[in-house]
Every structure is written in C-alpha cells, then in structure tokens.
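Residue numbers start from 1 in every chain, and the chains themselves are labelled A, B, ... in the order their sequence lines are given, proteins ahead of strands. Computed from a predicted model, the values in this text were never measured in an experiment. Reckoned from all heavy atoms, side chains included, excluding hydrogens, waters and symmetry mates.
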2 protein chains.
Amino acid sequence: MPVMLRPSQALRLWQQVCLYEVRAGMPDLTERQLAILLTIYLDPPPHTVRGLAEKLKVTKPVITRALDTMSALKLVSRRRDERDRRNVLIRRTVEGALFVERFGDVIVEKARELSP
Amino acid sequence: MPVMLRPSQALRLWQQVCLYEVRAGMPDLTERQLAILLTIYLDPPPHTVRGLAEKLKVTKPVITRALDTMSALKLVSRRRDERDRRNVLIRRTVEGALFVERFGDVIVEKARELSP
DNA sequence: CGCAATCGTTTCGGTCCCGTATCATTAGGC
DNA sequence: GCCTAATGATACGGGACCGAAACGATTGCG
C-alpha cells in the first residue's frame, strides 16, 4: 500500500520537519550525512566506506569525512574488520539509534498534522 | 485528512529522497538551508532576514550566510525594500521554484514507491 | 617471497559555515 | 537636526567540507 501524498503536502511535510529540527537545535546535518546515517540504520550490515561511497555515488573521502563528523556526534562508530583488516566496519551506536528513532517519530507527527 | 505514516516508512522515505538527491548530484544543502528555502517558497511573503531568523530560532548571520550560498546557487535572490531601506526582501527565483517543484515531485514519487 | 590490487585515510589549496561582536545604513521619535 | 533603535552585513578565529591526488596498511595472487 503506497503512501499517497500531493506535492504541496510533501513540501510542507519536509519544511515542518526541517523547521522542527532546526528549532530544536539538533545537529545541522547535510543531505549527504543524513543519507549515510539513514542507510547505516535502515539497510542491513555490514557497512563499509567503499560500499557507502558506491551506494551514494560519491568519493570515499566524502564518506570518511562524514563519518568523522558523525562519529564526533556519537551517531555512528567505526571498527576494524578483524577478518580483513583493510576494511572498516561502520556500526550503529545507542545515541544514533535514539536519534534516528526520534527523527522518525518527528516525521510521523508532522505528517499527521498535515492539512488535506 | 492527515497523512498516515509509520515510523519505519517515514525513515525509509527520508532515506530514499536523500539518496536520490545525493546520487543526482544536487546541491548538498543542510537542514537549515532547506528549512529556509522551503519557508521562502511555501510561506507567504514578504520574507526578511530578521523574520527568518526568528522563525528558525537562529541568529541573523546564519540567515545571511545561508542566503549567500543559496543566492550563488540562484535558488533565491535579495532586493532592498524601497519603502524601508533597512530591510532586505528575500525573493524567489525561477531556478529556485523549479528546484522546489522538482523536489516535491521526488518526495511524492518516493512515497508512492514505499512498501507497506 | 614479491608485487599489484584494494581499503580507508590523509594531504593540499580553497571555500563555506560557525558564534560572537561590531559595523554602516536607515528610520523614527523628540 | 539629533539621538536612539532597528536592520542586515561584515570581521574574526576556528572548524568542517570540497575534489583530486597521494599515502600507509593489508591482502592475495603468481
């Protein structure tokens, strides 16, 4: 069952969610960072720098820098793959899970408030 | 008629939209910039730096800088208010309108593709 | 063993953004 | 005319990010 949404509703939803996040003083993530974060939390592991770079069609340094920032925010963590020590496995954190869960609730709430 | 959405659907929608934008090489806007852009295009004018700063609960330089960047991207334009020359009126552009319209269509499309 | 391939990170010069404080310009009360 | 208030922009030091290139570490093939 697809979610039916008119363009005006879609834009209003996006605005209300962004406004809420900004006003709440949440980290000012870029679209790239958000794409990475949500992919880590929604798609099945394992996640690697290379895999994310391919999925987003960006270069590896873009992923590395985004992970640097989000690691400082405790939203994700990195760990060497002991089976192939060239790899770095990107893992979820408790704080990141809470952030994503809360973010989903905000979207749901703002969608519920939409006028027809 | 509110839009019903489960948290998992909401997060998946956000991910798919962000992924699409990143992959398409669209400007990597931050949440703040997106909140400003959508407010300019969805809320009734006039829009001023001070008004946006209050609406977003951020400082004026934050708005000025975001407008600098989005002006360079041709997404918005600035013009002195001739009736009160202290004010700067932030206005829409053709490119910005196309960007917002396209963005709305992307959200609608990704919502339609959502699994139940 | 040696060597090429792969992985993630780092470097480089340059741009953008941050928060705080200050600025120039304009308006309006007196 | 003067002085205060208001507006948006700017200066500052610091941090994050960009793309392109080079880097060290690790693997696995010949």
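We find that CD of B:Glu82 is positioned 10 Å from P of C:dT26, with the value rounded to whole Å. As rounded to whole Å, 18 Å separates atom C1' of C:dG19 from atom NZ of B:Lys57. The CG atom of B:Asn87 sits 10 Å away from the P atom of C:dG28 (whole-angstrom rounding).
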Validation: residues 103-110 of chain A side-chain donor-acceptor distances under 3.5 Å, sequence neighbours left out:
from: A:Glu109; atom 1: OE1; to: A:Arg112; atom 2: NH2; distance (Å): 2.9
from: A:Glu109; atom 1: OE2; to: A:Arg112; atom 2: NH2; distance (Å): 3.4

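A donor-acceptor contact shorter than 3.5 Å is absent between the side chain of B:Arg32 and the backbone of A:Asp28.
Listed by first then second residue, pairs satisfying ring-ring contact (aromatic ring centres under 6.0 Å, His included) with a partner in residues 67-98 of chain A number zero, not counting sequence neighbours. Under the side chain to side chain donor-acceptor pair (under 3.5 Å) criterion, the residue pairs touching residues 90-104 of chain A are A:Glu21-A:Arg102, with sequence neighbours excluded. Applying the ring-ring contact (aromatic ring centres under 6.0 Å, His included) test to pairs two or more places apart or on separate chains, none has a residue in residues 19-57 of chain B. For residues 61-77 of chain A, the set of pairs meeting the side chain to side chain donor-acceptor pair (under 3.5 Å) definition, not counting sequence neighbours, comprises A:Asp68-A:Arg78.
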Show the distances under 3.5 angstrom between N or O atoms of the protein and N or O atoms of nucleotides 9-16 of chain C.
from: C:dT9; atom 1: OP1; to: A:Arg78; atom 2: NH1; distance (Å): 3.1
from: C:dT9; atom 1: OP2; to: A:Thr64; atom 2: OG1; distance (Å): 2.9
from: C:dT9; atom 1: OP2; to: A:Arg78; atom 2: NH1; distance (Å): 3.4
from: C:dC16; atom 1: O3'; to: B:Thr69; atom 2: OG1; distance (Å): 3.4

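A nucleotide of DNA chain D counts as in contact with chain A when one of its atoms lies under 4.0 Å from a heavy atom; the first and last such, 5' to 3', are D:dA16 to D:dT27.
Hydrophobic cluster membership for B:Val88: none, as no Ile, Leu, Val, Met, Phe, Trp or Tyr side chain comes under 4.5 Å of it.
Between B:Arg85 and C:dT26, a side-chain N or O to OP1/OP2 separation shorter than 4.0 Å is present.
Legend: residues meeting salt bridge (Lys or Arg N to Asp or Glu O under 4.0 Å) with B:Arg85, ordered by chain and number and at least two apart, are B:Glu82.
At a threshold of 4.0 angstrom between heavy atoms, the contacts of A:Thr48 are confined to the sugar-phosphate backbone, with no base atom among them.
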